[in-house]
J.: 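Below you'll find the structure I mean.
Counting starts at 1 for both ligands and their atoms, in listed order.
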Amino acid sequence: MEILKTSAELSGWRQRQNAAGKSVGFVPTMGALHSGHISLVRRAMQENDCCLVSIFVNPLQFNNGNDLVNYPRKPEEDLALLQSVNCHAVYMPDYHEVFGTAVAQSWDLGPLEFQLEGAFRPGHFQGVANVIFCLFSQINPHKAYFGLKDYQQYLIIHQFAKRYFPETEVIGCPTCRDPAGLAESSRNLRLSPEEYAQAIEIPTFLLKIPERMHHVSFSEISIELQKIANQLPLIRLEYFSLHRADNLEKLQHFDFNIPMIICIAFYAGEVRLIDNILC
Ligand code: AMP
């Protein structure tokens with residue numbers, strides 16, 4: 001596995017793949033890798049001649065300084081994990097290699113930018129768009145892989161790439177969960193055993209909604225969830241809402257004629273987690 005640290009090394013690697021006629025699948029990450037990330041890597045390896053993973057904790061997408069400082073970092077373990085699945089190359093740049101001295105740009109991301117995560121994390125998607133713009137410009141991947149756990153991010157990047165990187169196909173991959181049902185997340189490493197035990201009640205409830213939604217209204221489901229959360233002293237719900245899956249327009253009631261998604265953000269102690277279910 002090639003370990004690339006500078007944009008010059010990255011560009012050399014990219015040119016070699018091009019010269020060899022190899023297609024490149026790209027998986028951008030912020031590290032502290034888990035099985036969710038690895039599912040993206042495996043998919044990229046299946047669908048492309050080679051797979052490049054980036055590990056870069058992008059400060060521009062953090063609206064909360066504590067979250068950035070406390071974000072887990074374990075580069076040695078990440079490298080060992082990527083090596084163990086025979087990933088071809090990993091890009092581990094510092095800030096300057098990604099952004100140079102350029103000032104962050106302001107992108108028109110449409111109405112998707114300001115709802116859900118955008119409403120609670122102002123500027124988050126501008127930070128995401130900036131890092132994706134720089135990474136895609138440097139890498140020019142054939143395909144890029146994103147988790148549907150971060151569904152709003154996936155939709156925004158899908159639209160963004162269509163406009164600015166029409167030759168890159170953006171692919172959404174299903175959410176990986178741990179045996180208790182909690183969506184894998186680097187932030188799960190920060191949960192205490194008590195926070196973890198309470199956090200898993202949320203996906204347990206969420207994952208049962210598709211089998212109940214034909215008999216129970218969304219507002220009844222919301223009330224039930226709030227009651228459950230009230231019994232869990234370490235859990236605080238931030239949002240729980242129903243949307244069209246294609247554009248995240250908010251829905252008040254289930255509409256079985258269209259693909260829908262239920263999105264949730266909650267705190268377990270100090271740790272903010274998000275999840276969703278397509279239905
Ligand atoms: P992150 O390192 O959190 O920025 O995530 C890097 C990529 O992995 C993003 O496209 C995420 O959506 C994706 N990802 C994170 N967690 C999961 C998961 N549990 N299942 C599938 N993909 C995930």
Side-chain angles (χ1 to χ4, degrees), residues 25-47 51-64 67-68 70-75 77-79 81-82 85 87 90-93 98 112 116-117 121 124-132 134-136 139 141 143-161 168-191 196 199-200 202-203 206-207 248 261 263-266 268 271-278:
F26 176 44
V27 181
T29 81
M30 298 203 298
L33 301 180
H34 50 67
S35 60
H37 296 117
I38 297 303
S39 71
L40 272 53
V41 173
R42 287 191 198 281
R43 175 102 180 252
M45 291 179 65
Q46 274 164 16
E47 297 183 355
C51 170
L52 170 69
V53 173
S54 65
I55 297 179
F56 175 61
V57 181
N58 170 28
L60 301 187
Q61 70 187 71
F62 285 80
N63 58 311
N64 175 329
D67 191 26
L68 174 59
N70 293 321
Y71 198 83
R73 291 163 172 87
K74 25 192 228 166
E77 289 165 54
D78 288 348
L79 286 175
L81 190 53
L82 291 174
V85 295
C87 177
V90 56
Y91 182 41
M92 301 174 89
V98 178
L112 276 176
L116 295 170
E117 287 302 281
R121 303 183 67 190
H124 171 67
F125 290 117
Q126 287 296 327
V128 170
N130 270 292
V131 77
I132 291 300
C134 292
L135 291 172
F136 276 23
I139 295 162
K143 297 184 181 179
Y145 296 82
F146 292 86
L148 296 178
K149 180 180 90 78
D150 301 287
Y151 188 80
Q152 187 176 9
Q153 167 175 277
Y154 159 74
L155 276 189
I156 287 176
I157 294 173
H158 194 272
Q159 280 184 7
F160 185 73
T168 297
E169 187 183 347
V170 169
I171 295 173
C173 305
T175 300
C176 288
R177 299 179 180 279
D178 75 7
L182 190 65
E184 296 279 6
S185 165
S186 306
R187 290 185 175 85
N188 294 355
L189 291 171
R190 294 181 51 209
L191 296 172
Y196 177 83
I200 60 176
I202 302 295
L206 193 66
L207 295 171
L248 290 183
I261 185 165
C263 299
I264 186 166
F266 62 100
V271 183
R272 185 176 183 279
L273 299 173
I274 60 171
D275 201 347
N276 65 67
I277 185 150
L278 286 156

J.: Specify the protein heavy atom at minimum distance from atom 20 (N) of ligand 1: its residue, its atom name, and the distance to 0.1 Å.
T.: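 Scanning the protein heavy atoms, the shortest distance from atom 20 (N) of ligand 1 goes to Cys176 N, 2.8 Å.
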J.: So is Tyr71 close enough to ligand 1, meaning a heavy atom under 4.0 angstrom away?
T.: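 Yes, that is the case, since the closest heavy atom of the residue is under 4.0 Å from the ligand.
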J.: Counting only heavy atoms, which portion of His37 has something under 4.0 Å from ligand 1: side chain, backbone, both, or neither?
T.: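 Under 4.0 Å from ligand 1, His37 contributes side-chain atoms alone.
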J.: Indicate yes or no for a side-chain donor-acceptor contact from Gln152 to the backbone of Glu117 under 3.5 Å, with no hydrogens or angles considered.
T.: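 Yes, the answer is positive, given that a donor and an acceptor are paired below the 3.5 Å cut-off.
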J.: Look only at the side chain of Thr29 and the backbone of Ser54, and say whether a donor-acceptor pair between them is shorter than 3.5 Å.
T.: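 The answer is yes, because a donor-acceptor pair under 3.5 Å joins these two groups.
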J.: Quick check on contacts: which atoms of ligand 1 are under 4.0 angstrom from a heavy atom of Glu184?
T.: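 That gives atoms 16 (N), 17 (C), 18 (C), 19 (N) of ligand 1.
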J.: Between Pro28 and Ile132, is there a side-chain heavy-atom distance shorter than 4.5 Å?
T.: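 Heavy-atom side-chain distance check passes, below 4.5 Å.
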J.: With a 4.0 Å heavy-atom cut-off (strictly under), which part of Ser186 contacts ligand 1: side chain, backbone, both or neither?
T.: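 Neither part.
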J.: Quick one: nearest non-hydrogen protein atom to atom 4 (O) of ligand 1, plus distance?
T.: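 Residue, atom and distance for the closest contact: Met30 CG, 3.6 Å.
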J.: Looking only at non-hydrogen atoms, find the nearest pair between Arg272 and Ile274 and report the distance.
T.: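 Nearest pair, atom of Arg272 first, then Ile274: NH1-CG2, 3.8 Å.
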J.: Quick check on contacts: which atoms of ligand 1 are under 4.0 angstrom from a heavy atom of Phe146?
T.: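 This gives 10 (O) as the contact atoms.
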J.: Using 30° and 60° as the class boundaries, would you call the ring planes of Phe146 and Phe136 parallel, tilted or perpendicular?
T.: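 Phe146 and Phe136: tilted rings.
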J.: Shortest non-hydrogen contact from Asn188 to Ala183?
T.: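 Answer, listing the atom of Asn188 first, then Ala183: ND2-O, 3.0 Å.
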J.: I'd like to know if Pro174 contacts ligand 1, where contact means a heavy-atom distance under 4.0 Å to any ligand atom.
T.: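 Yes, that is the case, since the closest heavy atom of the residue is under 4.0 Å from the ligand.
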J.: For a 4.5 angstrom cut-off between non-hydrogen side-chain atoms, does Val27 reach Cys51?
T.: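 Yes, their side chains come closer than 4.5 Å.
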J.: Got Leu248 and Tyr151 here, is their nearest side-chain heavy-atom distance under 4.5 Å?
T.: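 In short, these two side chains touch, coming nearer than 4.5 Å.
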J.: Only heavy atoms of His34, strictly under 4.0 Å: list the atoms of ligand 1 that pass.
T.: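 What qualifies from ligand 1 is 15 (C), 16 (N), 17 (C).
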J.: Looking at atom 6 (C) of ligand 1, what's its closest protein heavy atom, distance included?
T.: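 Closest protein heavy atom to atom 6 (C) of ligand 1: Pro28 O, 3.3 Å.
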J.: Could you pull out all residues at least two apart from Asn64 that satisfy side chain to side chain donor-acceptor pair (under 3.5 Å)?
T.: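 In terms of side chain to side chain donor-acceptor pair (under 3.5 Å), with neighbours along the sequence ignored, Asn64 is linked to no residue.
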J.: Should the proximity of Val27 to ligand 1, defined as any heavy atom under 4.0 Å, be assigned to the side chain, the backbone, both, or neither?
T.: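 For Val27, no heavy atom sits under 4.0 Å from ligand 1.
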J.: Are the side chain of Asn276 and the backbone of Lys149 linked by a donor-acceptor contact shorter than 3.5 Å?
T.: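 Yes; at least one donor-acceptor contact below 3.5 Å.
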J.: Using a 4.0 Å cutoff against the non-hydrogen atoms of Leu40, which atoms of ligand 1 qualify?
T.: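 Selected atoms, number and element: 7 (C), 8 (O), 10 (O), 13 (C), 22 (N).
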J.: On a heavy-atom basis, I'd like to know which of Ser54, Gly147, Ser185 is closest to atom 13 (C) of ligand 1.
T.: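 Going through Ser54, Gly147, Ser185 one by one, Gly147 has the nearest heavy atom to atom 13 (C) of ligand 1.
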J.: For atom 12 (O) of ligand 1, tell me which residue out of Asp150, Ile55, Leu148, Val41 has the closest non-hydrogen atom.
T.: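 The option holding the nearest heavy atom is Asp150.
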J.: Can you list the ligand 1 atoms lying under 4.0 Å from a non-hydrogen atom of Gly36?
T.: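 Within the 4.0 Å cut-off of Gly36, ligand 1 contributes 18 (C), 20 (N), 21 (C), 22 (N).
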